[in-house]
Amino acid sequence: MKKIIIFYIWALITLVLFSCTEDKINPEATGYIKGQVIDDGSDEGIYEVQITTNPATETFLSNDSGYFVLHDLDIGDYTVAFKKVGYRSESVNVEVNEEDTTTIKVIMNRNSDFNKAPVIRNNPVPAAGEKNQPVNITLKWSAYDSNFDDSLTYDLTLYNSEDASSATVHADLSDTTFLMEGLQYNTTYFWQISATDGMAEVKSTIWSFKTVDFPDNPFVYIKMDGGSYEIFSGDSAEQNAVQLTYNNQNDWYPKTGPYGNKIAYASLYNLEPHIYTMDKDGENRRRVTFMPVSGYFNNGVGFCWSSNGSSLYYPHNDILYRVNNDGTGTTQIANAPEGRNFRIINSSHNGEMLVAQTIGARMTNGEIYLMKVNGKDTVLLVEDLPGIIDYPSFSPDDSKILYTHDISGNLVPDGRQLNTHIFTIDIETGEKTDLSTDKPEGTLDIQPAYSPDGAKIIFVNTSNTGNGERSIWMMDTDGKNRILLVPDAQMPQWW
């Protein structure tokens, strides 16, 4: 019996010792702590944060993005401390487990006792008070922060001198340059920069600059922009082109006023083409017709200014009207011959005569008439010839009519032109002169207009395929010295 008791005691001791051996912590076991230190204001990582532990291990530093890894830590509980000049110190309690990685995120707040406000240098571009600045201008400024690890962001405020309520603010800029587009011509602008490092905000002095005067471009035209035709003023240099309309619908047939300060043009109102006017710079738009510009093959073309700019003439089917330039006083002037509509109207420079294209039910049924501005004493100047006749206008001395004629005589119903030339006809003698003898084969010369001094003719040349690019050209009044002015544009008119 005594031997049996001794055996059980030995077995129990062995079991206890075995159990204790299984539960003992492996002194060789380690774990890891990794994470990122984040700036509370910017949500960006903080670099070179000093990281220590208790119980003590090595001292670590966060990398450029604020990340860190504490390697080969004995398992157990640690207090991890984070310090950096300019920030409030932080600490985190972390448990390190065997062969495991503990991930933490630490947010540190800036210590205002260490923060220095940013400084904006007073050296803007353009320099304060600069004049003749472009309407698309890159504004530049510079700033610094004595806390070299601070990131600066900027707000840019700009307004014009005539309307402080027009201020625009571009916020949270990270760069020290900003492209400002579409400013007004001949306008003084004020602008200011505010800079912040997330704790302190400072403002620059208020700077100013003045934009250039509106360019004295010699002609206007239409060009496709964003899926619709818009009106431009320009010259032969593409960089001098100025877009005047931004309607996201077609604006076409610009006609410059006799004193160079107004433009009439066609645009849709209730889905019908009407005459609008605007200033030379595209401002002060207004509709002046209550009946549409319409008729056979007329989608809004064919109106003109009176010689003194006080009124406009326009066709409405078979009736020719005059309307004051403010939209009042619509008056019927003339009726087209039976079965015909008015299409293109132009006034003489002396204010005495009108030239009018009338057209029948086919595009090829064109004729050109002269009449007094009151619609009386109508005279047939160019009879209905085979092929399209189009675009009549007066020479500056009112002695000739400029027009186009498709000399191929093509009579297809769709009105396709095959060989259109520019002609002049002497009003007194009836003598015709072909100005398109140097025209390239397979192309059309269309939409001609004299320069104000009568020395040049501006016109459009395009392929006779019906879908080629239209480009604006210029030539001498004898048809020589053809020069390309503006590619992919049409309907030119001189100022």
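All heavy atoms count here, side chains included; hydrogens, waters and symmetry mates do not.
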Q: Side-chain donor-acceptor contacts of residues 137-144 below 3.5 Å, not counting sequence neighbours, with atom names and distances?
A:
{"residue": "Ser142", "atom": "OG", "partner": "Asn123", "partner atom": "OD1", "Å": "3.0"}
{"residue": "Ser142", "atom": "OG", "partner": "Asn123", "partner atom": "ND2", "Å": "3.4"}

Q: Test of understanding: with ring pair (Phe, Tyr, Trp, His ring centres under 6.0 Å), list the residues that count as partners of Tyr296, not counting sequence neighbours.
A: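 Result, ring pair (Phe, Tyr, Trp, His ring centres under 6.0 Å) vs Tyr296: none returned.
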Q: Considering residues, nucleotides and ligands other than Asn186, do more than 12 of their heavy atoms fall under 6.0 Å from its CG?
A: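 Result for CG/Asn186: enclosed.
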Q: Above 12 or not: heavy atoms from other molecules or residues under 6.0 Å from NZ of Lys372?
A: no
Q: Hey, could you give me each pair passing side chain to side chain donor-acceptor pair (under 3.5 Å) that has a residue in residues 420-435? Not counting sequence neighbours.
A: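 The answer is Gln417-Thr420, Asn419-His421, His421-Asp434, Asp426-Thr429.
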Q: Looking at Tyr450 and Lys400, what are the two nearest heavy atoms and their distance?
A: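 Scanning both residues, the minimum pair turns out to be OH-CD, 4.3 Å.
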Q: Glu338: which residues meet the side-chain contact (heavy atoms from CB on, under 4.5 Å) condition with it, sequence neighbours left out?
A: none
Q: Quick check with a 6.0 Å cut-off and a 45 degree axis cone: is Lys280 positioned over the face of Trp495's six-membered ring?
A: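 That pair qualifies as a cation-pi contact.
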Q: Quick check, are the ring centers of His349 and Phe394 under 6.0 angstrom apart?
A: no
Q: Parallel, tilted or perpendicular: which one describes the rings of Phe209 and Tyr189, with boundaries at 30° and 60°?
A: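 The rings of Phe209 and Tyr189 lie parallel, inter-plane angle below 30°.
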Q: Who pairs with Ala200 by side-chain contact (heavy atoms from CB on, under 4.5 Å), at least two apart in sequence or on another chain?
A: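 Listed in chain order: Asn115, Ala117, Pro118, Asp197.
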Q: Restricting to salt bridge (Lys or Arg N to Asp or Glu O under 4.0 Å), what partner residues turn up for Asp279, sequence neighbours left out?
A: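 With sequence neighbours excluded, Asp279 shows a salt bridge (Lys or Arg N to Asp or Glu O under 4.0 Å) to Lys262, given in chain and number order.
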Q: Check for me whether Arg285 meets the cation-pi criterion with Tyr276, that is, NZ or CZ under 6.0 Å from the six-membered ring centre and within 45 degrees of the ring axis.
A: no
Q: Check this for me, if you would: do Lys223 and Asp251 make a salt bridge, where the nitrogen-to-carboxylate-oxygen distance has to be below 4.0 angstrom?
A: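 No salt bridge links Lys223 with Asp251.
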Q: I'd like to know whether the aromatic ring centres of Tyr313 and Phe303 sit less than 6.0 Å apart in this structure.
A: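 No; Phe303 has its ring centre 6.0 Å or more from that of Tyr313.
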Q: Using only heavy-atom distances, determine whether the side chains of Thr358 and Arg340 contain a donor-acceptor pair under 3.5 Å.
A: yes
Q: Verify whether the ring centers belonging to Tyr391 and Tyr403 lie closer than 6.0 Å.
A: no
